[in-house]
Amino acid sequence: MNTARASAGSNAHSATAPRILISAGEASGDLYASHLASALRQRFPEAEFFGCAGPRMRAAGVRPVIDAARLAVVGLVEVVTHIPGIYREYRRLIAAARQERPQLAILTDSPDFHLRLARRLKRLGVPVVYFIAPQAWAWRRGRVRALRRDVSRLLCIFPFEEEFFRNHGVRADYVGHPLTRIVRPSLSRAEFFARHNLPADRPLVALLPGSRRGEIGRHLPVLAETVPSIASQRPASFVLGTPAGGVPGAEASSRFWEPISRSPIQLVEGETWDLIASADVAVAASGTVTIEAALLGTPMVTYYRVTPLSWWLGRSLVKVPFLSMVNLVADKLVVPELIQDRLRPSRLAGETLRLLENGPDREKMKLELRAVAAALASREDPMQRAAQLAAEVLYEEVENAH
């Protein structure tokens, strides 16, 4: 770290005991932001953190102004019905920033919400560190302009992102993927099987329908139809993994439970990494969980579905050959992608059965997943690197104030 900055910071109370607004809008962002808050607290033990927080951030000492779960909506059309509520939360967070005047803001993922927030924070004179770059290299490149204008530092977690954003005038740094140092099972396969009374002589299929509001409702009916098709051809155990704290919002309803009641599906809450590590195949909604499966070395089938209108509006905007991040990192098709109309129970069952066989397809995928995990690994701890860069922005703010 720059010694002049460190000296300036050590002599300024606002640097040693800063107020930091930190915000995340979904489960993965809550995880990353909680670890970043903890890493920053090592540097600034007296720091005060407040903002948009989920359960992990609250556990890390972040005072919630608003609940992150209220922002966890996906889809161009789906988000429309939630706009009044989201705008209400946005105004509460802005009011808190105006009243408490943080020396730094850290915004994690959720670009639809956070890029608007960054603009307002910039006007309030609050420097913004944006953690987890928006996928502007894939679609909605207009976001680059907002990043260049309103963000002091962009922290990237995929190796190809830094060059893209720097070439577009954004002050971007690659820190490494946080999950490479975080994702670890706490149980062995034998222990997981014993805890949940799973027969040792049957393969385990992990069903991972997503964590955001609406994802589970769209994906679960397909999974419920897929499971009997697989079971009729290959005896297996099927475990559905849901986030810690249970199914969010309206999904905790009969619409969620009724398909499960008709299928041989066991429900496990808050044990995703143990479930994936113990599984023979993960049937995973495209998103962060596919990176987790890659790091744990579990063969997978990926899928995703949004409303037809969201798909029609969004598909023409996508500028990349794959939708799964595992395939994007590998720059080739490593895991199957069953997206939108291709997501059918027969296809999902067929791909899963193929990977349940201990054949060349399974071994090839495991080898390629190891290569993806290696590509995401970084020499330095991503959270410590992110904390260092965020601290540099804070020191710059102190220097400018003096």
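Every value quoted in this text rests on a predicted model; they were computed, and no experiment measured them.
Atoms CG and CD1, from L207 and I230 in turn, are 7.5 Å apart once rounded to the nearest 0.5 Å. Atom CG in L204 sits 7.0 Å away from atom OG in S278 (nearest 0.5 Å). For the atom pair CD of E162 and CD1 of I157, the computed distance is 13.5 Å after rounding to the nearest 0.5 Å.
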Please tabulate, for the side chains in residues 121-131, all donor-acceptor contacts under 3.5 angstrom to protein atoms that are two or more places apart in sequence or on a different chain.
unit_1: K122; atom_1: NZ; unit_2: R149; atom_2: O; d: 2.6
unit_1: Y130; atom_1: OH; unit_2: D109; atom_2: O; d: 2.7

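Contact detail for Q103 and P18: the closest heavy-atom pair is OE1-CA, 3.4 Å. Between A97 and F50, the shortest heavy-atom distance links the atoms N-CE1, 4.5 Å. Between H114 and G25 the shortest heavy-atom distance is CE1-N, 4.3 Å. In terms of heavy-atom proximity, L154 sits nearest to P134 at CD1-CD, 4.2 Å.
For CZ of R58, the number of neighbouring non-hydrogen atoms (other residues, nucleotides, ligands) closer than 6.0 Å is greater than 12.
Note: Y87 and Y90 have parallel aromatic rings, judged against thresholds of 30 and 60 degrees for the angle between ring planes.
For the pair F44 and L104, the minimum side-chain heavy-atom distance is 4.5 Å or more.
Checked for salt-bridge contact, R166 and E163 miss the test: no charged N lies under 4.0 Å from a carboxylate O. R202 and D280 are not joined by a salt bridge, as no carboxylate oxygen comes within less than 4.0 angstrom of a charged side-chain nitrogen.
Defined by atom type and a distance below 3.5 Å, a donor-acceptor pair is present between the side-chain atoms of E215 and Y304.
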